[in-house]
Amino acid sequence: ENFLRRVGEGVAAELGTARSQPLVLASVQEYLSPFKSLCPYPNIQDVAIPGNPEQTKPEQLRSKAWEV
């Protein structure tokens, strides 16, 4: 929980908490709900890109995010 909270705070600090652009999380599905509840960024999508994002190229992540 502490790790997800810190990541969420970092995301919010980088993107701002008043922004409305959708954020698509790339992670294992079970982290989506806790991350949404702990992250102050307001527009996190209900669908995550599944799997380990470290093994996916940025272009692939971007393409999958646009699909969501």
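Atom set for the values below is all heavy atoms of this structure, side chains included, hydrogens, waters and symmetry mates excluded.
Of all heavy-atom pairs between Asp46 and Gln29, the closest is O-NE2, 4.5 Å. Taking every heavy atom of both residues into account, Gly8 and Pro40 meet most closely at O-CD, 3.6 Å. Here the closest heavy-atom approach between residue Ala26 and residue Leu61 is recorded as CB-CD2, 3.9 Å. The two atoms that bring Arg19 and Pro42 nearest to each other are O-CG, 3.3 Å, heavy atoms only. Nearest approach of Pro34 to Leu4, heavy atoms of both residues: CB-CD1, 3.8 Å. Smallest separation of non-hydrogen atoms from Ala12 and Thr17: CB-CG2, 3.7 Å.
Taking CZ from Arg5 and SG from Cys39, the interatomic distance works out to 11.5 Å, rounded to the nearest 0.5 Å. The CG atom of Leu15 lies 11.5 Å from the OG atom of Ser20; values are rounded to the nearest 0.5 Å.
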Hey, mind stepping through Leu23 and Val11 against side-chain contact (heavy atoms from CB on, under 4.5 Å) and telling me if it holds? CA-CA 10 Å; Leu23 175 68; Val11 167; 3.8 Å; yes
List the steps, then state whether side-chain contact (heavy atoms from CB on, under 4.5 Å) holds for Leu38 with Glu1. CA-CA 8 Å; Leu38 296 168; Glu1 186 175 300; 3.7 Å; yes
Test log, rule side-chain contact (heavy atoms from CB on, under 4.5 Å), inputs Tyr31 and Lys36: CA-CA 8 Å; Tyr31 289 157; Lys36 284 182 72 169; over 6 Å; no
Chi angles and distances behind the side-chain contact (heavy atoms from CB on, under 4.5 Å) call for Leu32, Ile44: CA-CA 9 Å; Leu32 179 59; Ile44 301 170; 4.3 Å; yes
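A salt bridge (Lys or Arg N to Asp or Glu O under 4.0 Å) check over residues 48-68, counting only residues at least two apart or in different chains, returns nothing.
Formation of a donor-acceptor pair under 3.5 Å by the Arg6 side chain with backbone atoms of Asn2 is not found in this model.
Heavy-atom contacts from other residues, nucleotides or ligands closer than 6.0 Å to CD of Gln21 number more than 12.
Side chains of Val24 and Trp66 form no contact here, defined as non-hydrogen atoms less than 4.5 Å apart.
Not a single side chain to side chain contact (heavy atoms under 4.5 Å, CB included) links Ser37 to another residue, sequence neighbours left out.
When hydrophobic clusters are built by joining Ile, Leu, Val, Met, Phe, Trp and Tyr residues whose side-chain heavy atoms come closer than 4.5 Å, directly or via intermediates, Tyr41 is grouped together with Phe3.
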